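All remarks here apply to the structure that follows.
This structure is a prediction, so every number in the text was calculated from the model and none was measured. Proteins get letters first, then strands, A, B, ... in listed order; numbering begins at 1 in each.
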Amino acid sequence: MECKHIQERLPAYREEHVDLEEKKAIEQHLSSCQPCSRALHDLKKTDELIKKLPEVEPPAWMTQKIMARVRAEEEKKKGLLQRLFYPLRIKIPIEVFATLLIAVAAVYVFKAVEPQMRPVGPSSAPEQGAAKNESAEPFPGVSTDVRAPASKLSVQRPTGPAEKKEATRSADERSRAVSEEKRVDTESKEAVSVAVADKAPYDELRSQPVSAGKREALPDRAERPGRTTPSPGQEILPPGQHPAGLSFRQQESVAEKDAPAGELRRSKSLAAPVPVGSAAMERRQSGITILVRDLGAASKEIQRLLGRLGAQRVVQESLQNAEVFTAELQAEKIKELFEALKPVGDVKEKSGHTDISQGEIARIRIEVISQP
Amino acid sequence: MSNVLGEEKQVALDDDLELVGLCQKGELSAFEALVEKHQRKMLNIAFRMIGDYEAACEVVQDAFLSAHKSIRKFRGEAKFSTWLCSIVINLSKNRMKQMKTRWQREGVSIDDPIETEEGQIRRDPPSPEPSVLDQLEKKEIQAKVQACINSLEDEYREVLILRDIQGFSYDEIQDTLKIPDGTVKSRLFRARDTLKDRLKDVFGDL
């Protein structure tokens with residue numbers, strides 16, 4: 001019992017971790033006890049054995065391997081930002097350049113898109129369209145209405161849902177007009193269906209009896225789509241279509257100025273004397289409606305008049321019971337024209353030319369409607 | 001000897017702090033210097049803990065990697081070497097556990113280091129001759145001593161290695177193992193006594 005306790009204390013005794021009293025007691029015991037002094041000897045021997053254990057050397061590749069793993073870990077750990085910017089002197093210039101490039105591209109795209117995005121007032125629209133036509137076609141010719149597509153284009157682009165509603169409405173009106181045409185005339189029905197199928201109805205137009213022999217030659221087919229279809233989805237008005245329907249379309253696209261819907265509907269009927277709805281003209285465009293008894297003679301007369309007054313870009317359009325002339329005329333000559341037209345038939349001026357300043361070129365539209 | 005080591009550590013502390021500071025700023029070369037400086041000692045600790053050179057090398061690599069990962073958390077409350085050492089010891093203990101479970105699963109090979117619950121060493125009965133030590137090759141003796149160390153329990157083995165093999169001061173052991181001074185000593189004395197008994201079992205008389 002005594003020995004076991006002593007032997008347990010021996011390591012502490014060796015390290016001098018016993019108080020003086022215990023140390024004396026242990027030493028006393030050791031001197032008399034053989035197994036305990038043997039145990040102390042064994043402890044010393046154990047210590048020697050342990051101390052004799054050689055140190056091992058790390059393999060030569062150890063440092064490299066550790067550092068390789070550390071670097072691999074670093075790479076993995078590197079955040080996205082660090083990876084994006086890491087060699088600053090290389091990547092920063094690249095990034096600056098890329099940013100500038102994007103900025104320039106953005107400005108360029110904006111500039112390219114901007115003109116179409118600008119809301120176009122109804123007044124400037126026809127001018128734009130006219131200018132386009134001028135450059136596209138140097139000589140005047142007979143054509144379907146060019147203004148309508150032009151103005152439609154300028155209004156359709158910038159608007160959102162309102163425009164959509166309007167489009168559906170006009171489509172609705174058109175289809176109604178088509179059904180009306182069916183009832184009235186099979187020939188015109190054909191014409192309408194041709195137009196709806198987006199086949200240019202020029203042959204139809206050509207074959208129709210256009211009043212005067214003085215009429216300008218038709219521009220060839222290839223040229224026409226450029227003029228009359230300035231934007232995709234823009235339909236050419238069929239030649240057989242009713243003038244009122246035509247003017248309704250114009251009016252719709254020009255942003256519904258002042259004609260009540262009821263009047264519009266009335267104006268759609270073929271027999272309607274004067275389509276009041278068509279009074280909604282662009283401001284710079286004078287609209288004149290003449291009710292005549294002899295359509296052919298009146299047309300000839302009007303062609304002659306326009307020629308005399310130096311009208312430019314005369315476009316004659318033959319509709320079923322009407323001839324529509326559009327032309328560009330010196331503003332001061334409009335009054336003269338107006339007076340000269342009075343003997344031809346019952347003249348109604350639909351929109352004034354009062355706001356057209358002197359020297360300016362104005363577009364005029366003359367609808368010659370035969371009156372039974 | 002411990003005195004000499006103590007002085008060395010004092011110097012090492014200053015160097016390490018500087019290098020550690022550079023490491024925390026992301027200087028890989030500073031970390032490389034620390035690896036160069038400490039790998040030998042860490043390998044020896046791991047080797048004595050595990051008893052297997054290859055495994056010890058892996059443990060040391062893992063320990064340095066882990067130290068690098070968390071070097072920003074090192075605040076200098078303890079010496080860098082002490083901190084590193086605690087990582088090595090913990091990883092070594094984990095490795096021992098893995099190896100033990102693998103041995104248990106796969107069965108024990110005769111080449112494996114002697115792994116005992118006092119069994120295998122005891123099976124080699126003390127020879128009647130006064131001492132076998134003189135008859136054994138140096139390497140064999142070392143292997144057997146290592147085997148006896150391995151047979152110790154973790155808590156005894158670690159203090160014994162740190163104190164008697166690596167010559168750590170009690171304070172350092174306390175810092176490394178995070179146990180109070182009294183526990184360090186009592187474990188150490190117990191470890192020596194146990195080791196002595198194991199060695200006697202292996203070699204007969206010492």
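With a 4.5 angstrom heavy-atom cutoff, B:Leu199 touches chain A only via side-chain atoms. At a 4.5 Å heavy-atom cutoff, B:Ile161 makes no contact with chain A through either its backbone or its side chain. Of the atoms belonging to A:Lys52, it is backbone heavy atoms, and not side-chain ones, that fall under 4.5 Å from chain B. The contact between A:Met67 and chain B is made entirely by side chain atoms (from C-beta outward), counting heavy-atom distances below 4.5 Å.
For the set B:Leu195, B:Leu65, B:Val60, B:Ile149, the entry with the most heavy-atom pairs within less than 4.5 Å of chain A is B:Leu65. Here B:Arg40 is the residue among B:Glu32, B:Arg40, B:Met42 with the most heavy-atom pairs under 4.5 Å with chain A. Among A:Thr46, A:Ile50, A:Asp42, A:Asp47, the residue making the largest number of heavy-atom pairs under 4.5 Å with chain B is A:Asp42. Contact count against chain B (heavy-atom pairs under 4.5 Å) is highest for A:Leu53 among A:Leu10, A:Leu53, A:Leu43. Contact tally against chain B (heavy-atom pairs below 4.5 Å) for A:Gln64, A:Arg14, A:Arg9, A:Glu57: the top residue is A:Glu57.
Contact record, B:Phe189 with A:Ala12: CE1-CB, 3.5 Å, taken as the closest heavy-atom pair.
Comment: A:Glu55 does not engage B:Arg48 in a salt bridge, judged by the lack of any side-chain N to carboxylate O separation of less than 4.0 angstrom. Using a cut-off of 4.0 Å between Lys/Arg side-chain N and Asp/Glu carboxylate O, A:Arg69 and B:Asp62 are scored as salt-bridged. A salt bridge does not link B:Lys69 to A:Glu74: none of the charged nitrogens lies less than 4.0 Å from a carboxylate oxygen. The pair B:Arg163-A:Glu15 meets the salt-bridge criterion, with a side-chain N (NZ, NE, NH1 or NH2) lying under 4.0 Å from an Asp/Glu carboxylate O.
Proximity of a side-chain donor or acceptor of B:Asn44 to a complementary backbone N or O of A:Val56 within less than 3.5 Å is detected.
Within a 6.0 Å sphere centred on CD of A:Glu27, other residues, nucleotides and ligands contribute more than 12 heavy atoms.
Note on ring orientation: taking the six-membered ring where Trp is involved, the planes of B:Tyr170 and A:His17 are perpendicular (angle over 60°, cut-offs 30° and 60°).
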